[in-house]
Amino acid sequence: QGHVSESGGGLAQAGGSLRLTCAPSGGSLKNHAMGWLRQAPGKEREFVAAIDWSGKTKFYGNSVQGRFSISRDIATSSVFLQMNDLQPGDTAIYHCAADYAIGALRAAFAPNQFKFWGQGTQVTVSS
């Protein structure tokens with residue numbers, strides 16, 4: 001399994017914004033769909049957002065639709081998650097993943113089932 005690195009997490013107040021970045025630790029991911037999943041303590045892993053290899057098709061989880069936006073830089077194989085109007089319910093560890101099948105991201109597969117997986121970045125939203 002390959003690895004990606006996330007950055008940009010931190011502490012935000014309700015209504016605030018954060019921008020997460022994910023980049024491969026080595027190699028290119030330009031033929032892979034990329035996306036974000038999150039997991040809060042005591043809760044199941046949740047699909048957040050995914051983008052196909054071309055950057056033209058995007059999907060969002062119901063709880064973040066209209067507040068979060070995913071984008072990618074094909075040249076650098078990086079993916080970004082702009083998070084606006086953050087709420088305490090968004091508090092979680094956010095993981096980046098990449099796979100040939102965007103459906104794997106949308107189905108929130110287990111970490112070891114992805115071609116690439118990141119250790120995650122903590123996002124904490126205070127009320």
Side-chain angles (χ1 to χ4, degrees):
Q1 184 182 51
H3 297 282
V4 291
S5 297
E6 305 95 337
S7 61
L11 179 64
Q13 292 188 329
S17 298
L18 287 173
R19 179 177 170 88
L20 305 184
T21 298
C22 169
S25 298
S28 171
L29 297 177
K30 61 182 177 181
N31 293 324
H32 293 70
M34 299 182 73
W36 297 88
L37 292 82
R38 69 186 183 185
Q39 188 156 22
K43 294 187 177 181
E44 292 187 353
R45 190 169 49 256
E46 178 186 12
F47 166 68
V48 177
I51 188 168
D52 77 340
W53 66 272
S54 70
K56 295 179 180 179
T57 300
K58 304 175 184 181
F59 297 98
Y60 296 94
N62 290 337
S63 61
V64 306
Q65 182 79 43
R67 300 187 297 122
F68 290 12
S69 177
I70 190 169
S71 59
R72 70 185 295 168
D73 181 334
I74 295 175
T76 61
S77 293
S78 298
V79 66
F80 311 98
L81 186 68
Q82 178 66 42
M83 305 186 294
N84 297 328
D85 190 23
L86 283 162
Q87 300 301 317
D90 296 317
T91 296
I93 297 175
Y94 285 69
H95 296 271
C96 177
D99 201 277
Y100 290 120
I102 199 168
L105 293 159
R106 298 182 69 192
F109 281 3
N112 62 359
Q113 294 179 294
F114 290 106
K115 297 297 184 185
F116 291 82
W117 179 258
Q119 290 298 103
T121 185
Q122 177 71 47
V123 171
T124 302
V125 184
S126 62
S127 58

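Residues L29 and V4 meet the side-chain proximity criterion, which asks for heavy atoms closer than 4.5 Å. Using a 4.5 Å heavy-atom threshold, the side chains of F109 and L37 count as separate.
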Requested in this report: Determine, stepwise, if the pair T91 / Q122 fulfils side chain to side chain contact (heavy atoms under 4.5 Å, CB included).
Outcome: CA-CA 8 Å; T91 296; Q122 177 71 47; 4.0 Å; yes
Requested in this report: Check the pair Y60 / K58 against side chain to side chain contact (heavy atoms under 4.5 Å, CB included), numbers first and verdict last.
Outcome: CA-CA 7 Å; Y60 296 94; K58 304 175 184 181; 3.8 Å; yes
Query - Derivation and outcome, side chain to side chain contact (heavy atoms under 4.5 Å, CB included), residues V64 and M83 - result: CA-CA 9 Å; V64 306; M83 305 186 294; over 6 Å; no
Query - Criterion side chain to side chain contact (heavy atoms under 4.5 Å, CB included) on F68 and L86, from CA distance to verdict - result: CA-CA 9 Å; F68 290 12; L86 283 162; 3.8 Å; yes
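Rounded to the nearest 0.5 angstrom, W53 CH2 and H32 NE2 are separated by 13.0 Å. Put simply, CG on L18 and CD on Q82 are 8.5 Å apart, with the number rounded to the nearest 0.5 Å. Separation of atoms NE2 (H95) and CH2 (W117) is listed at 5.0 Å; rounding is to 0.5 Å.
When the side chains of ILVMFWY residues are joined at heavy-atom separations under 4.5 Å, either directly or via intervening members, V79 and V123 end up in a single hydrophobic cluster. Cluster membership check: F116 shares its hydrophobic cluster with L81, using side-chain heavy-atom separations under 4.5 Å among Ile, Leu, Val, Met, Phe, Trp and Tyr.
Between the side chain of R72 and the main chain of D52, a donor-acceptor pair closer than 3.5 Å is present. Judged purely by atom type and a 3.5 angstrom limit, R106 has no side-chain atom pairing as donor or acceptor with the backbone of F47. Of the possible donor and acceptor atoms, none in the side chain of Q87 sits under 3.5 Å from a partner among the backbone N and O of V125. The main-chain N or O of P111 is found under 3.5 Å from a side-chain atom of Q1 such that the two form a donor-acceptor pair. Side-chain atoms of D85 never come within 3.5 Å of backbone atoms of R67 as a donor-acceptor pair (strictly under, hydrogens ignored). Not one N or O on the side chain of K115 forms a donor-acceptor pair closer than 3.5 Å with the backbone of Y100.
In terms of heavy-atom proximity, E44 sits nearest to Q39 at C-NE2, 4.0 Å. The two residues M34 and C22 make their nearest non-hydrogen contact at CE-SG, 4.1 Å. Scanning both residues, S77 and P24, for their nearest heavy atoms gives O-CD, 3.2 Å. In this structure, S63 and E46 approach most closely via the heavy-atom pair OG-OE2, 2.8 Å. Summarising the geometry of A14 relative to P88, their closest heavy-atom pair is CB-CD, 4.2 Å, with the distance given to 0.1 Å. Of all heavy-atom pairs spanning L20 and G9, the tightest one is CD2-N, 3.5 Å.
Within 6.0 Å of CD in Q119 there are 12 or fewer heavy atoms belonging to other residues, nucleotides or ligands.
Sorted by first and then second residue, the side chain to side chain donor-acceptor pair (under 3.5 Å) pairs with a member in residues 6-24 read S17-N84; sequence neighbours excluded.
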